[in-house]
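First comes the structure, then the notes that go with it.
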Number of protein chains: 2
Amino acid sequence: MTLEYLGRKWAMLILLEIYKGGGRIRFGELRNRLDGITSKVLTTRLKELEEQGLLLRHVDAVSVPFKVEYALTAPGVEVIEIIKDLKSWALRWMIDNLDCQGQDCSECTL
Amino acid sequence: MTLEYLGRKWAMLILLEIYKGGGRIRFGELRNRLDGITSKVLTTRLKELEEQGLLLRHVDAVSVPFKVEYALTAPGVEVIEIIKDLKSWALRWMIDNLDCQGQDCSECTL
DNA sequence: CCGGATCCGGGTAGATACTG
DNA sequence: CAGTATCTACCCGGATCCGG
C-alpha cells in the first residue's frame with residue numbers, strides 16, 4: 001500500500017529533494033541536504049522507493065571515486081505535485097511550520 | 001510535522017471513512033468499516049488527529065448507551081482531496097491496488 | 001451494550017558507530 | 001563516497017478490563 005512507504009519518515013522529503021536537484025542527485029548530496037538523516041535510513045528509503053518504481057539507481061563505476069545517482073521516474077515526478085499540495089495544505093492551515101513564509105522554504109519539514 | 005501523524009498506519013483511511021460517512025461518524029461504526037483495526041489503534045489515531053485539528057470529538061452523554069461522534073474540521077475536509085489525489089495517483093500507476101477498478105472501491109487500502 | 005484504558009509481546013524503524 | 005553492522009526504542013496488534 002502506498003502509504004506504507006510514502007508515509008515513512010523522510011520518504012517524501014527525499015523525493016522532494018531529488019526533485020529540487022533537477023530530478024537526479026547523488027547519494028552524498030542528498031544526505032547533505034536532508035539535515036539530520038542518517039546513511040542507513042537514507043539507503044533504506046531509497047531502496048524502498050526504487051522497489052516501488054518511484055526512482056531509479058544509476059551507478060557510475062568508472063569515475064573515481066565512483067558515483068551513484070538517484071533519479072525520479074515518471075510516477076515519481078507525478079507524486080511530487082501531491083506532496084507539494086500536502087505541504088501547501090499544511091502551511092495554509094498553519095498546523096505546523098509556523099515560522100515558514102513560503103511553500104519552497106527549505107526549512108519546511110513537511 | 002504533518003507526516004508524523006498523517007503517515008501513521010490507518011490515519012488517512014480513518015479520515016477517508018469519516019468523509020464517506022458524511023463527515024461525521026460514531027466510534028463503533030468507524031471500527032466496523034475499517035476492517036482489521038483494533039479499538040486501541042483507532043482511539044490513538046483519533047486522539048492524534050483531534051490534537052492536530054483535523055477532527056472534533058462530540059460526546060452525547062445523555063442517550064443510553066451514550067454516543068461519541070467524530071467529525072471532520074475544515075482542514076480535515078480539505079486534506080481529503082489530497083488523500084484522494086494520492087489514491088488516484090497510486091491507482092493510475094498501478095503500483096498497488098491492482099485488483100481495484102475505481103477510486104472509490106472500498107477494498108482499496110491506500 | 002458502547003467507547004475506551006491498560007498491560008504485554010514481537011517486529012521494525014531509526015540512531016550511533018564502523019567499513020570496502 | 002556510498003553504504004553496512006549493531007543496538008535500542010517505540011509502534012502496532014492482541015487480550016483483557018473498566019465506567020456509564
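Letters A, B, ... mirror the listed sequences (proteins, then strands); counts begin at 1.
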For A:Lys9, report the nucleic acid contact type (base, sugar-phosphate, nothing); a contact means any heavy atom under 4.0 Å.
-> sugar-phosphate
Please state how far atom CD in A:Glu69 lies from atom P in D:dC1, giving the value in whole angstrom units.
-> 14 Å
Value in whole Å for how far the P atom of C:dC2 lies from CG of B:Leu42 | 14 Å
Give A:Trp10 one of three labels, base, sugar-phosphate or nothing, depending on what nucleic acid heavy atoms sit under 4.0 Å from its own.
-> nothing
So what does A:Thr43 hit on the nucleic acid, given a heavy-atom distance under 4.0 Å: a base, only sugar-phosphate, or nothing?
-> base
So which heavy atom on B:Phe66 is nearest to which on B:Ala61, and how close?
-> CB-CA, 4.0 Å
Expressed in angstrom and rounded to an integer, what is the separation of B:Leu46 atom CG from D:dC12 atom C1'?
-> 16 Å
Distances for protein N or O near nucleotides 16-20 of chain D N or O, under 3.5 Å:
none

Thinking salt bridges, do A:Arg33 and A:Glu29 make one under a 4.0 Å N-O criterion?
-> yes
Identify whether the distance between the nearest side-chain nitrogen and carboxylate oxygen of A:Arg26 and A:Glu69 falls below 4.0 Å.
-> no
Take atom CG of B:Asn32 and atom C1' of C:dC2, then tell me their distance rounded to the nearest Å.
-> 12 Å
What is the nucleic acid contact for B:Arg26, judged by heavy atoms within less than 4.0 Å: base, sugar-phosphate only, or nothing?
-> sugar-phosphate
Can you find a side chain N or O atom of A:Arg31 that sits less than 4.0 Å from OP1 or OP2 on D:dG3?
-> no
Within this structure, what is the CD-to-P distance between B:Glu29 and C:dG4, rounded to whole angstrom?
-> 15 Å
Rounded distance (Å) that lies between atom C1' of C:dG3 and atom CG of B:Leu34 | 15 Å
Does B:Arg45 put a side-chain nitrogen or oxygen below 4.0 Å from OP1 or OP2 of D:dC12?
-> yes
Mark yes when over 12 heavy atoms from residues, nucleotides or ligands other than B:Phe27 sit less than 6.0 Å from its CZ; otherwise mark no.
-> yes
Phosphate-side-chain proximity, B:Arg57 and C:dG4, N/O vs OP1/OP2 below 4.0 Å | yes
With a 4.5 Å heavy-atom cut-off, do B:Ile14 and B:Ile18 have their side chains touching?
-> yes
Phosphate contact (D:dG3 OP1 or OP2) by A:Tyr70 side-chain N/O below 4.0 Å = yes
Atom CD1 of A:Ile25 and atom P of D:dC1: how far apart are they, to the nearest Å?
-> 14 Å
Note, B:Glu78 side chain near B:Ile80 side chain (heavy atom, < 4.5 Å) = no
Ion pair present between A:Arg45 and A:Glu48, side-chain N to carboxylate O less than 4.0 angstrom?
-> yes
Given atom CD1 of B:Ile37 and atom P of D:dC11, what is their separation to the nearest angstrom?
-> 16 Å
Could you tell me whether a side-chain N or O of B:Thr44 sits under 3.5 Å from a main-chain N or O of B:Lys40, the two making a donor and an acceptor?
-> yes
Using the closest heavy atom to pick a nucleotide of DNA chain C for each, name whichever of B:Lys40 or B:Phe27 lands nearer the 5' end.
-> B:Phe27
Checking all strands, does A:Lys67 fall into the base, sugar-phosphate, or nothing category for heavy-atom contacts under 4.0 angstrom?
-> sugar-phosphate
